Amino acid sequence: AMLEKYGAPDMLDGDSVRWNDNGSWKKTIVRRVPREGEDVLEQTISYDVPRDKRAALSKLDIMLKVNALDKELSATSESEETNFLALNLADEVVHDKRTPEDAREYYLTTVRLSHAGKASPYMSGLLFRP
């Protein structure tokens with residue numbers, strides 16, 4: 001799906017494929033998970049997470065990774081839509097619009113509803129400017 005959407009990748013490396021500056025993303029990496037035989041999608045934006053918010057983001061437990069040195073925030077899941085959801089909720093936690101617990105519950109509910117065919121603006125793009 002990423003090949004169709006973003007074209008030829010910028011880098012091929014063993015079990016991963018990488019695009020730089022594609023769409024909303026600073027980078028997109030598709031990796032094969034050897035034990036499971038599935039692909040995971042890691043997508044990164046430029047985002048400076050304040051030091052005092054990093055613990056709150058870790059409480060979300062939704063595969064977010066903060067790179068403080070490069071000022072990046074990444075989400076890893078099975079789809080771009082789920083990555084948009086995770087990053088939108090992370091931004092709301094950083095800006096005190098949601099607690100980590102509320103954001104986690106919203107994430108789980110929204111993913112469940114999306115599997116039932118329901119749409120959410122949280123899953124169709126970034127709702128903030130990185």
Side-chain angles (χ1 to χ4, degrees):
M2 294 294 103
L3 286 171
E4 289 178 22
K5 186 169 186 175
Y6 296 118
D10 296 308
M11 185 176 17
L12 298 168
D13 182 25
D15 289 335
S16 68
V17 180
R18 178 179 170 155
W19 291 262
N20 297 313
D21 298 315
N22 61 315
S24 301
W25 312 109
K26 182 174 181 179
K27 62 185 170 189
T28 294
I29 302 172
V30 177
R31 286 190 183 89
R32 173 73 53 181
V33 179
R35 294 173 309 212
E36 299 168 22
E38 296 179 0
D39 293 337
V40 294
L41 179 64
E42 178 182 330
Q43 294 178 295
T44 303
I45 58 172
S46 294
Y47 195 96
D48 190 8
V49 176
R51 182 183 308 272
D52 65 328
K53 297 296 181 177
R54 294 176 193 158
L57 290 185
S58 69
K59 288 180 185 177
L60 285 171
D61 193 28
I62 54 174
M63 298 295 291
L64 292 170
K65 180 171 64 175
V66 175
N67 180 331
L69 185 61
D70 292 332
K71 297 180 180 177
E72 295 176 340
L73 180 60
S74 301
T76 302
S77 72
E78 73 284 349
S79 72
E80 187 168 50
E81 294 78 16
T82 309
N83 286 341
F84 279 132
L85 174 62
L87 293 170
N88 283 323
L89 291 170
D91 182 68
E92 290 188 355
V93 169
V94 166
H95 289 97
D96 296 319
K97 294 178 182 175
R98 289 185 191 267
T99 65
E101 297 77 19
D102 177 51
R104 172 86 174 133
E105 184 60 35
Y106 188 86
Y107 177 89
L108 294 171
T109 299
T110 304
V111 168
R112 189 171 43 253
L113 289 172
S114 76
H115 291 302
K118 305 288 183 183
S120 169
Y122 280 76
M123 296 182 82
S124 46
L126 294 175
L127 300 177
F128 60 95
R129 293 185 61 127

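Computed from a predicted structure; not experimentally measured.
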One should read off an interatomic distance between Lys65 NZ and Leu73 CG, to the nearest 0.5 angstrom, of 10.5 Å
Below 4.5 Å, heavy atoms only, C-beta onward: do Ile29 and Arg18 meet side chain to side chain? yes
Okay, side chain of Arg104, backbone of Ile62: is any donor-acceptor separation there less than 3.5 Å? no
Student check: side-chain heavy atoms of Asn20 and Lys27 closer than 4.5 Å: yes
Please step through salt bridge (charged side-chain N to carboxylate O under 4.0 Å, His left out) for the pair Lys97 and Asp91, ending with a clear verdict. CA-CA 8 Å; Lys97 294 178 182 175; Asp91 182 68; 5.1 Å; no
Quick check: closest heavy atoms across Ser79 and Ser77, and the distance to 0.1 Å? O-OG, 2.9 Å
Leu108 reachable from Tyr106 in the ILVMFWY side-chain graph, under 4.5 Å edges: yes
What distance separates Thr82 OG1 from Met123 CE, expressed to the nearest 0.5 Å? 4.0 Å
Distance-only, no hydrogens or angles: does the Ser124 side chain make a donor-acceptor pair with backbone N or O of Pro121 under 3.5 Å? yes
Report the C-alpha separation of Met2 and Val17 in whole Å, then their side-chain angles, then the decisive distance to 0.1 Å, and conclude whether the side chain to side chain contact (heavy atoms under 4.5 Å, CB included) test is met. CA-CA 10 Å; Met2 294 294 103; Val17 180; over 6 Å; no
Heavy-atom side-chain proximity of Glu38 to Glu78 below 4.5 angstrom: no
Go through the steps for Trp19 and Lys5 under the test side chain to side chain contact (heavy atoms under 4.5 Å, CB included), then give the verdict. CA-CA 11 Å; Trp19 291 262; Lys5 186 169 186 175; over 6 Å; no
Does any part of the side chain of Leu64, heavy atoms only, come nearer than 4.5 Å to the side chain of Leu87, both counted from C-beta? yes
Nearest 0.5 Å, what's the CD1-NZ distance between Ile45 and Lys26? 10.5 Å
Ignoring hydrogens, what is the shortest heavy-atom contact between Pro130 and Leu126? Give both atom names and the distance. CG-CD1, 4.0 Å
Non-hydrogen side-chain atoms of Asn83 and Met63 separated by less than 4.5 Å: no
So CG of Asp10 and CG of Asn22: to nearest 0.5 Å the spacing works out to 7.5 Å
Heavy atoms, side chains only, cut-off 4.5 Å: are Leu127 and Phe84 in contact? no
CG (Leu89) and CD (Glu105) are apart, to the nearest 0.5 Å, by 11.5 Å
Nearest 0.5 Å, please: how far is CG in Asp48 from NZ in Lys53? 13.5 Å
Whether Phe128 and Tyr47 hold their rings parallel, tilted or perpendicular, with breakpoints at 30° and 60°: perpendicular
Less than 4.5 Å apart, side chain to side chain, heavy atoms only: is that true for Leu57 and Leu60? yes
Non-hydrogen side-chain atoms of Trp25 and Glu80 separated by less than 4.5 Å: yes
Could you tell me whether a side-chain N or O of Asn67 sits under 3.5 Å from a main-chain N or O of Glu72, the two making a donor and an acceptor? no
